[in-house]
Amino acid sequence: MAAIIRAALFDMDGLMFDTERLADRVWEQTVPRYGYAFGPDDMALLRGVSYEAGRRALAQRFGPQFPFVQIHAACTAEMRRLLARSVPKMPGLDALLAFLRAHGVAMAVASSTNRAQVEEYLETAGVRGFFGAVLGGDMIERSKPCPDIYLAAARALGVPPEECLVLEDSYNGVRAGAAAGCETVMIPDLAPATDEMRAL
């Protein structure tokens, strides 16, 4: 354990906001309209990864003709419509943010979702002001499980990675936080903790 934690780096979907179940439902309803069966195993390929990593994963699964760009745009538009007025916060989020602020801990969001959408959700939920930096998956070359986004978030706050606490719900996110050299905590949402996750 680090001697001191000076910064907390948050994932977003499934960690701060209860949006993963909604995203699953939207994708599972939208993809069949394009002629493909789409279930939980397919959705798992998108969890905790950037747009480009998701595109590659589904091209590998369904073939290069899979219309990822159109489907992603349709799903994003539907998610924005559903979350335009209210983004459901995970239990304890407000208390945790207040606690960290009161103790002088810097905070950043490091999400695989594109930055514009992250900013939109943070503003709608009324928590944008807690974060000194906001990073999205469109801002980095290598997606989680690579450590890049957490290293960039630590740099943005001016805090060494080993003095950062990463909070994650996805396997790829936990792998990314651990690879960055941060103290990493998994708060399970849809994916249960595994032996690999406990070790990290």
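On a predicted model such as this, the values are computed, not experimentally measured, just so you know.
- Every side-chain contact (heavy atoms from CB on, under 4.5 Å) that Glu119 has, sequence neighbours left out, goes to Arg115, Arg128, Val134.
- Judged as a salt bridge (charged side-chain N to carboxylate O under 4.0 Å, His left out), and not counting sequence neighbours, Arg155 has no contacts.
- Rounded to the nearest 0.5 angstrom, Met139 CE and Ser111 OG are separated by 11.5 Å.
- For the pair Glu168/Ser170, a side-chain contact is recorded, criterion being any heavy-atom separation below 4.5 Å from C-beta on.
- The closest side-chain heavy-atom distance from Ile5 to Glu183 is below 4.5 Å.
- Annotation: side chain of Pro147 is in contact with side chain of Arg142 (closest heavy-atom distance under 4.5 Å).
- Of all heavy-atom pairs spanning Gly54 and Leu46, the tightest one is CA-CD2, 3.6 Å.
- Ser112 and Gly48 get closest at one heavy-atom pair: OG-O, 3.1 Å.
- Once rounded to the nearest 0.5 Å, the distance linking CG of Leu22 with SG of Cys75 reads 10.5 Å.
- Note on residues 49-89: pairs passing ring-ring contact (aromatic ring centres under 6.0 Å, His included), not counting sequence neighbours, are Tyr36-Phe62, Tyr36-Phe66, Tyr51-Phe68, Tyr51-His72, Phe62-Phe66, Phe68-His72.
- The two residues Ala8 and Val105 have their closest heavy-atom pair at N-CG1, 3.7 Å.
- Met90 pairs with exactly one of Thr19, Ile187, Asp189 by the side chain to side chain contact (heavy atoms under 4.5 Å, CB included) rule, that one being Asp189.
- In this structure, the side chain of Ser143 engages the main chain of Ser50 through a donor-acceptor pair within 3.5 Å.
- When every heavy atom of Thr184 is checked against every heavy atom of Gly177, the shortest pair comes out as OG1-C, 3.1 Å.
- Between Leu96 and Leu100 there is a side-chain heavy-atom pair separated by less than 4.5 Å.
- Within a 6.0 Å sphere centred on CD of Gln60, heavy atoms belonging to other residues, nucleotides or ligands number 12 at most.
- At a threshold of 4.5 Å between non-hydrogen side-chain atoms, the residues Arg101 and Met107 count as touching.
- Counting only heavy atoms from C-beta outward, the side chains of Pro88 and Leu83 approach each other to under 4.5 Å.
- Here Asp18 pairs with Arg21 under the salt bridge (charged side-chain N to carboxylate O under 4.0 Å, His left out) rule; sequence neighbours left out.
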For a quick test of your reading: what N or O donor-acceptor pairs under 3.5 Å do the side chains of residues 192-200 make, sequence neighbours left out?
residue : atom : partner : partner atom : Å
Thr194  : OG1  : Glu196  : N            : 3.4
Thr194  : OG1  : Met197  : N            : 3.2
Asp195  : OD1  : Arg198  : NH1          : 3.3
Glu196  : OE1  : Arg175  : NH2          : 2.9
Glu196  : OE2  : Arg175  : NE           : 2.8

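- With a 4.5 Å cut-off on side-chain heavy atoms, Arg61 and Asp42 count as touching.
- A 4.5 Å side-chain heavy-atom check between Leu9 and Leu167 finds every atom pair outside the cut-off.
- Linking ILVMFWY residues whenever their side-chain heavy atoms come closer than 4.5 Å, directly or via other members, leaves Val49 and Val69 in distinct clusters.
- Among residues at least two apart or in separate chains, ring-ring contact (aromatic ring centres under 6.0 Å, His included) pairs with a member in residues 81-111 are Phe99-His103.
- For the pair Ala180 and Leu151, the tightest heavy-atom approach, listed with the atom from each and the gap, is O-CD2, 3.7 Å.
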Donor-acceptor pairs are to be reported for all side-chain atoms of residues 23-32 against protein atoms at under 3.5 Å, with residues two or more places apart or in another chain.
residue : atom : partner : partner atom : Å
Asp24   : OD1  : Arg47   : NH2          : 2.6
Asp24   : OD2  : Arg47   : NH2          : 2.8
Thr30   : OG1  : Val26   : O            : 2.7

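- If you chain together hydrophobic residues whose side chains sit under 4.5 Å apart, Val118 and Val87 fall into the same group.
- Ala110 meets the side-chain contact (heavy atoms from CB on, under 4.5 Å) test with Ile149, Tyr150, Ala153; sequence neighbours excluded.
- Listed by chain and number, the residues in a side-chain contact (heavy atoms from CB on, under 4.5 Å) with Val127 are Met16, Phe17, Lys89, Asp94, Leu97, Leu122, Ala125, Phe130, Phe131 (sequence neighbours excluded).
- In the hydrophobic clustering of this structure, Phe10 does not group with Tyr171; members are Ile, Leu, Val, Met, Phe, Trp, Tyr whose side-chain heavy atoms approach within less than 4.5 Å, directly or through other members.
- A search for side chain to side chain donor-acceptor pair (under 3.5 Å) contacts involving Gln117 returns Tyr121, not counting sequence neighbours.
- Scanning both residues, Ala152 and Leu135, for their nearest heavy atoms gives CB-CD2, 3.4 Å.
- For Asp169, there are no side chain to side chain donor-acceptor pair (under 3.5 Å) partners two or more places apart in sequence or in a different chain.
- No single ILVMFWY cluster, assembled from side-chain heavy atoms under 4.5 Å apart, contains both Ile140 and Val174.
- Separation of atoms CZ (Arg33) and CD (Gln70) is listed at 13.5 Å; rounding is to 0.5 Å.
- Residue pairs meeting the side chain to side chain donor-acceptor pair (under 3.5 Å) criterion with at least one partner in residues 77-88, sequence neighbours excluded, are Glu78-Arg81, Arg80-Glu120.
- Heavy-atom contacts from other residues, nucleotides or ligands closer than 6.0 Å to CD of Gln65 number more than 12.
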